[in-house]
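Data first, discussion second: the structure below is written as structure tokens.
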There are 2 protein chains.
Amino acid sequence: MAKKSTTRANSESTDDYLKAILTIGGPQEDRVTGNALAEHLQVRPASITGMLQKLSGQETPLVEYEKHRGARLTPAGKRRALEVIRHHRLIELFLHDILDYPWDEVHAEAERLEHFISERMEERIAAKLGDPLIDPHGHGIPRKDGSLPERREVCLSELAAGNTGVVTSVSDRRPDVLRELKNLGIVPRAHLTVTERRAGSRPMRVRIGPASQDIPLTVRLSSAIYVSQ
Amino acid sequence: MAKKSTTRANSESTDDYLKAILTIGGPQEDRVTGNALAEHLQVRPASITGMLQKLSGQETPLVEYEKHRGARLTPAGKRRALEVIRHHRLIELFLHDILDYPWDEVHAEAERLEHFISERMEERIAAKLGDPLIDPHGHGIPRKDGSLPERREVCLSELAAGNTGVVTSVSDRRPDVLRELKNLGIVPRAHLTVTERRAGSRPMRVRIGPASQDIPLTVRLSSAIYVSQ
DNA sequence: AATGCAATTTAGGCACACCTAAATTCTGGG
DNA sequence: CCCAGAATTTAGGTGTGCCTAAATTGCATT
Ligand SMILES: [Mn+2]
Ligand SMILES: [Mn+2]
Ligand SMILES: [Mn+2]
Ligand SMILES: [Mn+2]
């Protein structure tokens with residue numbers, strides 16, 4: 001019924017640190033500060049220090065780290081981070097397309113399972129889905145070889161009035177936001193036109209697809225939407 | 001990307017201990033000895049003691065335990081054990097039927113994932129499979145309410161010559177054994193007749209289904225097969 | 001150049017689940 | 001009844017990852 005599951009090659013925590021460094025550092029792979037990591041991972045800064053020391057002090061370090069100068073991924077760390085992200089996004093699509101999960105629930109489930117599926121299962125899921133390249137929220141799925149084409153997308157909240165764009169992706173962290181977006185028809189590939197943009201905290205207004213009416217979008221929503229022009 | 005996953009209600013280890021106690025204790029739920037648990041879980045006896053103390057000393061104890069007198073599940077512990085077994089067997093069937101896993105690989109994957117899927121995912125998998133009651137190896141899948149009808153099955157290795165039976169289940173731990181059984185056509189619902197049984201370590205011989213020839217079965221194989229007469 | 005605060009690191013601890021070695025306790029023969 | 005050997009428990013440790021409190025360090029701004 002059980003066996004010696006001693007030490008998994010990469011722990012759940014390690015995976016999460018690597019993903020966080022990749023995400024925060026962005027495509028340019030800037031050095032990431034401890035504070036940013038602490039915020040992102042919801043962990044105290046002191047804990048970050050300890051973990052970075054460990055991750056950078058291993059036989060094959062996953063992180064490059066010097067006191068007070070932040071952290072960045074080593075090639076090995078980046079490889080693992082992309083692998084976990086591949087797991088995450090394949091699982092999301094799988095839950096959505098095969099198990100009929102609503103799109104606001106897939107993220108939480110994938111966030112846990114991404115650490116525990118085998119390479120075999122990754123392969124089977126990818127096959128079942130036909131080696132997909134996009135997850136339910138429009139995010140790119142890293143390929144088996146770790147490649148992930150860069151996107152040219154901007155956050156809708158940064159678009160000025162008059163601009164038009166196609167939704168490329170939406171942030172998947174907040175189920176409530178995802179549900180509202182779905183209701184509004186704001187999903188990847190939808191067309192949006194910014195019809196109004198006032199100063200201050202007045203919500204922007206957008207027209208969705210071929211609609212004749214425009215609707216208001218609070219920052220809570222607009223900042224979760226990414227478009228390409 | 002991550003969050004405070006502080007303490008899951010039941011840890012992977014806890015789940016494994018509960019499953020082991022249920023399995024070893026059998027349907028009569030005998031008290032299980034520390035040694036048997038140590039053997040089953042591949043852990044030192046001292047570790048068993050510590051864990052049993054913890055599991056029996058909680059707010060709502062999962063285990064009933066008194067020094068030197070072994071352990072048995074409390075109702076709460078049994079409920080959790082059956083829930084994990086339900087997860088395990090649903091996952092096995094799912095991997096086999098939906099993801100086209102070979103039947104000798106499902107056990108290892110399920111053994112890990114059973115601890116991490118949500119109730120939502122359990123529900124979706126069960127729905128996708130049509131609320132199944134039997135896993136790929138012929139084991140019963142506990143129902144949502146925790147019920148699991150008892151089986152009347154005997155191990156093939158205990159059958160005398162001349163007896164006939166229908167395979168009800170096969171042990172799923174050893175991939176190599178499972179592969180051989182599949183090759184021989186020994187799967188749940190197959191008909192077997194014991195044609196020969198000698199003393200000593202001479203392998204028994206069985207006829208499979210309507211075959212005209214009988215084949216030898218070493219104890220390694222016959223002890224993994226359960227039949228009903 | 002000085003300083004004052006924010007960011008980071010160190011120190012000391014905790015919970016988990018495991019281990020080894022060294023007690024105990026129990027039990028079945030004699 | 002007694003006692004050795006087996007089973008179990010206790011004692012003392014380890015590695016992971018987290019926390020709080022108490023240093024440090026570095027940097028922006030005078
Ligand atoms: Mn996600
Ligand atoms: Mn996504
Ligand atoms: Mn199994
Ligand atoms: Mn099974």
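If you're wondering where the values come from, they're calculated on a predicted model, not measured in any experiment. Reminder, nothing fancy here: chain letters follow the sequence lines and each chain counts from 1.
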Subject >> Whole-Å gap separating C1' (D/dT20) and CZ (A/Arg44) >> reply: 9 Å
Original post:
Is any side-chain N of the basic residue among B/Glu109 and A/Arg120 closer than 4.0 Å to the acidic one's carboxylate O?
Top reply: no
Original post:
Please give, in whole Å, the distance from C/dC16 C1' to B/Tyr17 OH?
Top reply: 11 Å
Original post:
Is A/Arg69 atom CZ crowded by more than 12 heavy atoms from other residues, nucleotides or ligands, each under 6.0 Å away?
Top reply: no
**OP:** Go through the side-chain N and O atoms of A/Thr33 and A/Asn35 and say whether any donor and acceptor fall under 3.5 Å apart.
**Re:** no
Original post:
Over how many whole Å does the gap from A/Leu41 atom CG to D/dC19 atom P extend?
Top reply: 10 Å
Original post:
Looking only at heavy atoms, what is the nearest atom pair of B/Pro188 and B/Thr168, with distance?
Top reply: CB-O, 4.0 Å
Subject >> Length of the line joining A/Asn35:CG and D/dG26:P, which is rounded to integer Å >> reply: 16 Å
Subject >> Upstream residue (5' side of DNA chain D) when A/Thr14 and A/Ala46 are each assigned their closest nucleotide >> reply: A/Thr14
Original post:
Using a cut-off of less than 4.0 Å, is there contact between a side-chain N or O of B/Ser47 and OP1 or OP2 of C/dC18?
Top reply: no
**OP:** Could you state the atom-to-atom distance from NZ of A/Lys67 to P of D/dG26 in whole Å?
**Re:** 9 Å
**OP:** Starting at atom CD of A/Glu66, determine the distance to atom C1' of C/dT9, rounded to an integer number of angstrom.
**Re:** 15 Å
**OP:** Give a yes or no on this: more than 12 heavy atoms of other residues, nucleotides or ligands lie within 6.0 Å of atom CZ of B/Arg44.
**Re:** no
Original post:
Does A/Ser11 have a side-chain nitrogen or oxygen under 4.0 Å from the phosphate oxygens OP1 or OP2 of D/dG17?
Top reply: yes
Original post:
Atom OH of B/Tyr65 and atom P of D/dT10: how far apart are they, to the nearest Å?
Top reply: 6 Å
**OP:** Figure out the CD/P separation between B/Gln42 and C/dC19, and round it to whole Å.
**Re:** 10 Å
**OP:** Tell me whether the OP1 or OP2 atom of D/dT16 has a side-chain N or O from A/Ser13 closer than 4.0 Å.
**Re:** no
Subject >> Residue-phosphate contact under 4.0 Å: B/Gln53 side-chain N/O, D/dT8 OP1/OP2 >> reply: no
Subject >> Nearest-nucleotide 5' precedence on DNA chain D, A/Lys54 against A/His68 >> reply: A/Lys54
